[in-house]
Every structure is written in structure tokens, then in C-alpha cells.
Protein chains: 2
Amino acid sequence: MRNDKAPTMADIARKTGVSPMTVSRAFKSGSLINKDTRDAILKAAEELGYVFDSTASNLRSQKTDFIAVTIPSINNANFADTVGGLSETLSARGFQILLGYTNYDVEEEERLIEQLLRRKPQAIVVTGGKHTPRARRLLENASVPVIETWDVPAEPIGHFVGFSNADAVRSMVDHFVAAGYRRIAFIGGDASRDTRGSDRRLGFIAALDSHGLDASRLIDAGVPPISMREGANAMARLLAEFPDTEAVICVSDLSAFGALTECQRRGVPVPGRIAIGGFGNYEIGGICVPALTTVDAQARQIGERTGRLILDLLDDRPDVPHVTIEPRLIVRDSSR
Amino acid sequence: MRNDKAPTMADIARKTGVSPMTVSRAFKSGSLINKDTRDAILKAAEELGYVFDSTASNLRSQKTDFIAVTIPSINNANFADTVGGLSETLSARGFQILLGYTNYDVEEEERLIEQLLRRKPQAIVVTGGKHTPRARRLLENASVPVIETWDVPAEPIGHFVGFSNADAVRSMVDHFVAAGYRRIAFIGGDASRDTRGSDRRLGFIAALDSHGLDASRLIDAGVPPISMREGANAMARLLAEFPDTEAVICVSDLSAFGALTECQRRGVPVPGRIAIGGFGNYEIGGICVPALTTVDAQARQIGERTGRLILDLLDDRPDVPHVTIEPRLIVRDSSR
DNA sequence: CTACGGTCTGGTAACGATAACGGAGCACGG
DNA sequence: CCGTGCTCCGTTATCGTTACCAGACCGTAG
């Protein structure tokens, strides 16, 4: 079947009649080595079934080509898009993403960060700007670049690539007010664990205040992850508690779609009787009937910009330490 | 700021007056060490800002606690669920998932597998049972467990945790036929890259054949990843090409929902005029109006069972080499 | 003929942790 | 007093690769 010992560079060296050092060079691109020698080495390696050992290489060269990334949940198309953009940008350069899920829990994030740092990544990307004191300390003392994303942290640890969730919601409130809506509610953002969600709710309240409007129509939607089902339940409560509501902004397109379906089940016309806005520009918001007004947070772009920032930093190119993304308001039929 | 050299176990040993070996023991749970000594060591480590170095540990102990996983795309709730189940099962035991995306491309999968194996994972999980010859060889020669998922491979490389996509679709066809539908179409599964999708289409054709029904109402939906938009486009083509169709089965709930929205835009009653079935039991299918009949492929369970299988294998517990998952037909309003 | 730059290859010594082994110290029983 | 078993800790030698430093060889210029 297979040998009990996996072949090493030394085995290839013996078989090819060169030194282990030369074998090493054959596997490293851009090293000074005769083409014939290299070909012979690679051929011998293939014959022996050799598999390069990153573990040893990492230790000796003190670089792992790992980029550590924490996201709240894998089950979220927005974060998935960010990771996708990041992954594509970085894997082209041979980096491997080390992904961890915090489950929207800062304690879990702390554990995760500690675990990830042990792997000696060459940069670490975290979602959000709120951390436990110890997690903060770990990140500050990490001798690699730290990038916070999806937020504009009050006190950035290192770099960040993000946007203001509060400002983004404000742009939608402005749209609703300009469209003539006055009695506006908000669904979600009640879970303190989802800090971006609660930033959106706070932004909603501040925006309504600045328009001189009543900001007390707040409907809870429970713990993250945000679900369509909870959006539907929340809409049911909204219609019961504040029957005269003209428009509702949801913490996410997912809850917005759930809310929309609740209206459909009850025969409540959207936007005729109540207008709906979401957040995140998920695919569903663009295709459901009516299509959802939303804010595109540019999830993929966040990932790409983060990836490029990391490459700049690791290549010692001049970099912009803080990247602010501009979310884009997308007005669709659900609010007109 | 920070020292230019990160502290090592030797530094802690010097500071605490013990040997490096004892420091090592302090960090390994279940080792024989005096409680006071351990506490002193951990305290000194915290003071020095020591971070355990997995790369060195991995090399010496020849185990990385990595589990390599390939999935077609991160942007798919089903695969995300599988990874979620896998991750939860394994991270409780200290394993780290090394995730890679094949982008539905076997060539890319081959590159990815090679790259992942260099990291010396302790097991490798791949999605699907179709691979390039070289990828197959790499997996066969890997000296760690190999688990194929989301499929019942014709020739399993090692273990598998999956189900027959063809059989799963057959159960839905049977439901439609029993409900009285005869002119049944299929949307998607035309892209050979999405092998599970094309298995479903083939299963659809075989099932219709066995019922003595015409299986030529096939609508393409383009390259993966499967999108709601393409589902809507496909439904438009279906209504144009085969206007007398009574029911349609889609390769995924996502295309099914897209198809449903197209019907809504055109005022085509569902299921009154045309019934719709999806696949995968995505959240959306349970909440949209009407809710979608679908097949639950038990994505999360696939991940959990794979995780438990890996733990059994690594702990030398007796294991069931091949786990067959039973997909569950869920009948909802879209087909009744 | 010597000097010199460029290409290619080899020897040696780490990188930082730990497996394996051994030994010290102590308690206990006969 | 010795033998036995247990807890706890130190010494040594790696794990497989590569950074660093030499050095051999070749062609060309002075």
C-alpha cells in the first residue's frame, strides 16, 4: 500500500544525487537553480509521492502564509461575500485563510483570536470593532497587522476597512422621510451581541430624532443570527402594536423579506399600506416581489480592499491605514 | 512598544527557574505537573506576553490538529451548514478547519487538495465524488483519512458521508405524480461542473421514465453558483417553451424561489396554474408565499456525521466507513 | 595568465517545541 | 533496611526545512 514513512527532501536528494538544499531550491520559485536539475528533482518527487511539508518550512522560515479571519457566522451571505473577496485576493498570492466563527460572542472571539494567533498568521482580520479587554491586548501585542472590518471603530487597534452602520441607516431614513413617510418603525438590532445591528438601530433613532420624528416604534427580533422567520414574527407584532405604521426599516434584508411575507399572508399591501426597507443587499431583496429597498454594504468590496491592504502591508508598500467604504442606498419597489 | 523577539518557552523557563520541558508540560493538558509550578509558569507566560507556537509544536509532534475541507463555494447556505456542523463538532476537540473553495471546478479542486495536503492535515474532507485522476491519486496516497461528502461515489476513495442525489429527486417526482401532475419540467442541472446538480437532473429523467412520462421538459439555468435570478429567467423560458407544463422541479430552492417570483410578476398562480418544487430546504423555502415543497438534504447533519466519523477514526474507535444520509421530502403549499 | 562577475551547489546550524528516557524524591509495607 | 510504586522534573535528540555562508565552475575582460 504505502510506506510507513513519508518521503522527505533528503530522500529526494539521495535519489537525485544532489544536496537537500538544492531540493529545497527546486520547490521555491525564483531561486537560482539549473533547469535540468530542477526537472529531475520534481520528477523524482512525483515518483516518490513526495508532499512538501509546510510545517517544517513554516518553522524554519518563520512565515506561514496564513491569514487569520474571524467572522460572526458562516451562515450569512454578507460575511461569506467578504471572506470570498478576501480569499480570492489573497489566495492568488499563495496565502491561506484561517477562518474562525465567533457566533456573535465576544468571549468566543477572544478564545478564537488566541487560538488563531498560536498558528502564527501573517495578519489577522476581525469583524467588528468591539472586543474583550484581553482580546484587545492580544491583538495589540500581535506582531502582525490587525485589520478590523465592517465597522468604523471608536479606537482602532490597527487598520480598519469598514463603514458607519449608523450613517448607512440614516441615508435610508432620509429616503423614507423624503418620500413622505412619517410613522416609521425599526425591526431588529435589539441583541447587544450583534453590535452592527444595534449600531443600526441607534442610527435609526438618531436619524428620526434629527427629523423631529417619533423613534419609539422599535420591534425586537431576538438573538442573532438574523432570520427571516423572526422578521415575519416581528412584523406581526408591529402590525398589532403600532397599526398605523407607514414604513418599517429592518436590520437586514433577511428580516425585511420575512416581514414582507407576513404582509403577503395577511393581505397587507406593500408598499401601499406599509413600506419596507432592508439592509445588506442580499440577492433575495433584488428578486422578491416587490423588490426591497436596501443599503448595499459592499460586503465583497470590504473583503477585496482588506486583502489588498494586507498585500500592501506585507510587501512594505505605502498603505492607507484606514479604508472607509461608502454604502450605497438602493431604492426599489418596496418603498415607492 | 514590543520586543523585536517574541518570547519562547526557553524564556519562560529562565524566568521561572524550570526547564523548557516543564514549561511545555504546563501548556499541555493532562500532563504530570505540580499545580504551583504550572500556575507560576502560566503567570510568567502571561507577563511576558508569550504566545504558544503551534508551528514548532506541529513539526515536533507530527500533528497539526488541522482538518482540511473543500467546498464548491462559500456562498451557499447548504455547504455553509455542512461546514458549520463539521466545525462545531471538531472545534470542541481543538481541531481547526482549513477551508478551501473549488469554485465548482475539478482542476481548481486538484490544486487546492495539493495545497491543503502540504499543511499536513489530520484528515481531509472533500465535497463530491468526482475528481481529476491526479487529485484522486493525491487523496489515495494521503496518509490520513479521506471523506467524500454530499454524494455516494461510484468508487469511494476512503470514507463517505452522503446521499444519492438521483434518489432524492425521485422521491419528489413520486410525490408530484401521486398528486396527479403529469406534465413535469426540470430547471437546472445542466452545468456539468455542478455534478450534484446534474445528478439531480439525471435522476429526474430516470424517475419520469419509470413512470412512463415524457422527460423532455428540461430548462437550462447556466453555470454555478445557482442563483435566484437564473431561476426566474428559466421559469420565463419554461412558460414560453412549454406553456402547458403543470409542475416544475428545480435543482435548488434558490432557483425555485426565483421561478416563483417570476410567476408572481406574471400573475401566474402557484400552485393553481403550476406547482413548484425545490431542493435543499433553504430557509427561504419555508417562509416564502406559498412555501416551497423541497427535499431536505440534511446539510448540517452531513457535517456533524463527518465530524464524528473523523473523531472516531482519529481516536481509533470502531467506525462505520460509509454513512448514507436519508434526505427528507418536505411537502408544502407550492405543490398542493 | 589573472581577475572578476555570475550561476549553481553544498555544508552547517538553526527555527521552537516535545518524545523518550532517566533519575530524584517521597511514602509505604514487609 | 530494602524494594516498590508513584509523582514530578531535566537532558538529549530530534521533527523537515531553509538562512547563511562558502566554494566550485565557467566565460570574459584586462
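So that the names make sense, note that chain A is the first sequence line, chain B the second, and so on, each numbered from 1.
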Rounded to the nearest angstrom, tell me the gap between atom [atom1] in [X] and atom [atom2] in [N].
X        : N      : atom1 : atom2 : value
B:Arg119 : D:dG16 : CZ    : P     : 18 Å
A:Asn58  : D:dA19 : CG    : C1'   : 15 Å
A:Leu32  : C:dG6  : CG    : P     : 11 Å
A:Arg118 : C:dG16 : CZ    : P     : 16 Å
A:Asp11  : D:dC15 : CG    : P     : 11 Å
B:Arg38  : D:dC9  : CZ    : P     : 11 Å
A:Arg14  : D:dG16 : CZ    : P     : 12 Å
B:Ile12  : C:dG16 : CD1   : P     : 13 Å

Handout entry: Non-hydrogen side-chain atoms of B:Asp151 and B:Phe160 separated by less than 4.5 Å
Key = no
Problem - Contact check, side chains of B:Pro225 and B:Asn75, non-hydrogen atoms, under 4.5 Å - result: no
Handout entry: side-chain hydrogen bond (donor to acceptor under 3.5 Å, both in side chains) assessment of B:Glu110 paired with B:Thr132
Key = CA-CA 7 Å; B:Glu110 176 186 319; B:Thr132 66; 2.8 Å; yes
Problem - Minimum-distance pair of heavy atoms, taken over all atoms of A:Ile12 and A:Ala44 - result: CG2-CB, 4.2 Å
Practice task
Would you name the heavy atoms of A:Tyr101 and A:Glu108 that are closest together and state the gap between them?
Solution key: O-CG, 4.0 Å
Problem - Spacing of B:Arg134 atom CZ and B:Glu109 atom CD [to the nearest 0.5 Å] - result: 12.5 Å
How would you label the contact of [X] with the nucleic acid (heavy atoms, under 4.0 Å): base, sugar-phosphate, or nothing?
X       : result
B:Thr55 : nothing
B:Thr37 : sugar-phosphate
A:Ile33 : sugar-phosphate

Problem - N or O in side chain of B:Tyr50 less than 4.0 angstrom from C:dG16 OP1/OP2 - result: no
Handout entry: Close approaches to DNA chain D from residues 16-29 of chain B, in residue order (heavy atom, under 4.0 Å)
Key = B:Val18, B:Ser19, B:Met21, B:Thr22, B:Arg25
Practice task
Could you list by number each residue of residues 59-68 of chain A showing a heavy-atom separation from DNA chain D of less than 4.0 Å, or answer none if no residue does?
Solution key: A:Arg60, A:Ser61
Exercise for the section: Establish, from distance only, whether the side-chain atoms of A:Thr55 and A:Asp53 form a donor-acceptor pair under 3.5 Å. Expected result: yes
Practice task
Indicate whether the side chain of B:Ser57 and that of B:Ser54 have a donor and an acceptor atom separated by less than 3.5 Å.
Solution key: no
Practice task
Start with the C-alpha distance between B:Lys43 and B:Glu47, add both sets of side-chain angles, then the distance that settles salt bridge (Lys or Arg N to Asp or Glu O under 4.0 Å), and finish with yes or no.
Solution key: CA-CA 6 Å; B:Lys43 182 160 159 287; B:Glu47 284 168 14; 3.2 Å; yes
Exercise for the section: Looking only at side-chain atoms of B:Thr8, point me to the closest of C:dG16, D:dC9, C:dC8. Expected result: C:dG16
